[in-house]
Amino acid sequence: MTQKAGESAQSLVAALTHASDEASRAGSADISMTVATPDTGGKPVQMKGLYSWGNGLAMETEMPAKDLQMEDMVADGTVTMRLVQGAYYYHVDRIEDGPFKGKTWMKVEASAVLGEKGAAGMNKANADPTAGLKGIKYARDVSKIGREDVNGKSTVHYHATVPTDKMGANAEMYKGLGLTGEVVMDIWVDDKGTPARMNQVIGTSSYSIDFLSFGSRPTIEVPPAADTADMTELYKQEQGSAA
């Protein structure tokens with residue numbers, strides 16, 4: 001590990017572990033997230049909403065329909081996405097014809113996207129957004145970059161590189177996504193000891209989360225079954241034909 005003069009590797013690891021513990025206790029956070037992966041064509045997909053953990057992972061976010069290539073399915077240009085009880089749900093305008101006539105939600109099981117082990121890893125009770133920081137003791141290097149402002153907060157910026165198989169509850173999720181090697185992480189920790197921002201780069205995939213506030217804890221509901229079109233098998237078929 002590397003660190004600036006006067007800072008021990010142990011103290012840097014302790015600070016990041018503490019940030020992970022604080023996030024775990026909070027149970028939920030309002031977040032702003034940007035994701036860029038091969039599935040998005042390398043283009044950043046932006047989303048903003050609620051991230052909840054501790055009793056299974058759940059999320060509700062809004063994102064531009066064009067980022068999901070779903071412009072023809074919503075009149076206002078915005079798609080609401082929920083991740084709850086191991087499935088992704090996308091809210092769309094009422095489908096007017098075809099086998100899914102009348103439906104307003106499209107469902108895809110997370111296992112179809114991440115694989116069975118990846119979905120199980122994602123949904124573990126401790127799979128909060130910063131769970132990977134618990135593997136920081138395996139980092140090839142940890143360094144303290146210095147003080148920076150993030151969303152109006154004074155923070156300390158840390159940098160670390162961790163093997164994907166040491167990322168705790170997130171390891172199986174990364175494996176299910178075909179992401180191996182090392183995770184390059186940048187973490188900004190505020191004066192309360194909680195993460196304000198976390199960036200991760202894994203190969204050609206990148207994830208950036210701003211934690212706007214912690215602990216709101218509203219319940220994210222599964223959409224009504226009568227309003228939901230299960231697209232899981234269709235998704236699998238499309239992925240198979242694209243392989």
Side-chain angles (χ1 to χ4, degrees), residues 20 23 28-53 56-71 73-74 77-84 86-92 106-115 118-119 121-124 127-133 135 150-151 159-162 164 167-188 195-214 220 231 235 238-239 242:
S20 179
S28 64
D30 290 314
I31 60 100
S32 178
M33 179 186 295
T34 302
V35 177
T37 70
D39 286 343
T40 69
K43 297 179 181 179
V45 174
Q46 297 179 332
M47 55 194 82
K48 188 173 182 178
L50 174 70
Y51 207 137
S52 178
W53 58 89
L57 186 63
M59 181 188 298
E60 180 170 292
T61 63
E62 291 187 348
M63 62 196 75
K66 62 181 178 60
D67 288 347
L68 298 171
Q69 298 181 349
M70 296 175 67
E71 302 99 307
M73 304 195 76
V74 288
T78 300
V79 171
T80 297
M81 186 274 286
R82 292 182 187 175
L83 170 61
V84 58
Y88 294 97
Y89 295 86
Y90 301 88
H91 191 250
V92 297
M106 299 169 62
K107 173 185 176 182
V108 178
E109 294 286 349
S111 58
V113 180
L114 305 174
M122 178 189 69
N123 203 45
K124 284 183 178 178
D128 66 76
T130 63
L133 294 184
V150 173
N151 295 322
H159 178 85
T161 304
V162 182
T164 55
M167 290 290 286
N170 291 338
E172 287 294 346
M173 180 176 67
Y174 292 136
K175 186 177 180 180
L177 290 169
L179 301 173
T180 59
E182 293 183 323
V183 182
V184 179
M185 294 193 290
D186 285 275
I187 307 98
W188 289 258
R197 173 178 292 165
M198 185 171 68
N199 294 349
Q200 296 184 354
V201 177
I202 315 162
T204 58
S205 298
S206 64
Y207 307 83
S208 178
I209 304 177
D210 279 10
F211 299 95
L212 306 178
S213 63
F214 280 94
I220 298 175
M231 311 292 287
Y235 175 86
E238 290 179 348
Q239 292 301 108

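Within the model, atoms CE of Met47 and CD1 of Ile31 stand 7.5 Å from one another, a figure rounded to the nearest 0.5 Å. Interatomic distance, OG1 of Thr78 versus CD of Glu71, reported as 11.5 Å (0.5 Å rounding). Atom CG of Leu57 is separated from atom OG of Ser52 by 8.0 Å, given to the nearest 0.5 angstrom. If you take CE on Met33 and CG on Asp210, they are separated by 10.0 Å, rounding to the nearest 0.5 Å. The CD1 atom of Ile202 sits 9.5 Å away from the CE atom of Met185 when rounded to the nearest 0.5 Å.
Remark: His91 engages Trp105 in a ring pair (Phe, Tyr, Trp, His ring centres under 6.0 Å) (not counting sequence neighbours). For Tyr90, the ring pair (Phe, Tyr, Trp, His ring centres under 6.0 Å) test picks out no residue, with sequence neighbours left out.
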Verdict with reasoning, Tyr207 to Thr37, per side chain to side chain contact (heavy atoms under 4.5 Å, CB included): CA-CA 9 Å; Tyr207 307 83; Thr37 70; 3.7 Å; yes
Output, in order, the C-alpha distance, side-chain angles, deciding distance and verdict of side chain to side chain contact (heavy atoms under 4.5 Å, CB included) for Leu50 and Asp30. CA-CA 5 Å; Leu50 174 70; Asp30 290 314; 4.0 Å; yes
Could you go through Glu60 and Arg82, starting from their C-alpha distance and side-chain angles, then the distance that decides it, and tell me whether this counts as salt bridge (Lys or Arg N to Asp or Glu O under 4.0 Å)? CA-CA 4 Å; Glu60 180 170 292; Arg82 292 182 187 175; 2.6 Å; yes
Show your reasoning for whether side chain to side chain contact (heavy atoms under 4.5 Å, CB included) applies to Tyr51 and Thr61. CA-CA 8 Å; Tyr51 207 137; Thr61 63; over 6 Å; no
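When all heavy atoms of Lys107 and Ala87 are compared, the pair lying nearest together is CE-CB, 3.8 Å. Residues Met73 and Val92 approach most closely at O-CB, 3.6 Å, considering heavy atoms. Tyr235 and Ala112 make their closest contact through CE2-O, 3.6 Å (heavy atoms, listed as atom of the first residue, atom of the second, distance). For the residue pair Met231 and Val108, the shortest heavy atom distance occurs at CB-CG2, 4.2 Å. The minimum heavy-atom distance linking Pro44 with Thr34 is given by the pair CB-CG2, 3.5 Å. Asp67 and Gln46 get closest at one heavy-atom pair: OD2-N, 3.5 Å.
Here the side chains of Val184 and His159 are in contact, with some heavy-atom distance below 4.5 Å.
The residue from Met106, Glu62, Met63 that alone fulfils the side-chain contact (heavy atoms from CB on, under 4.5 Å) condition with Met81 is Met63.
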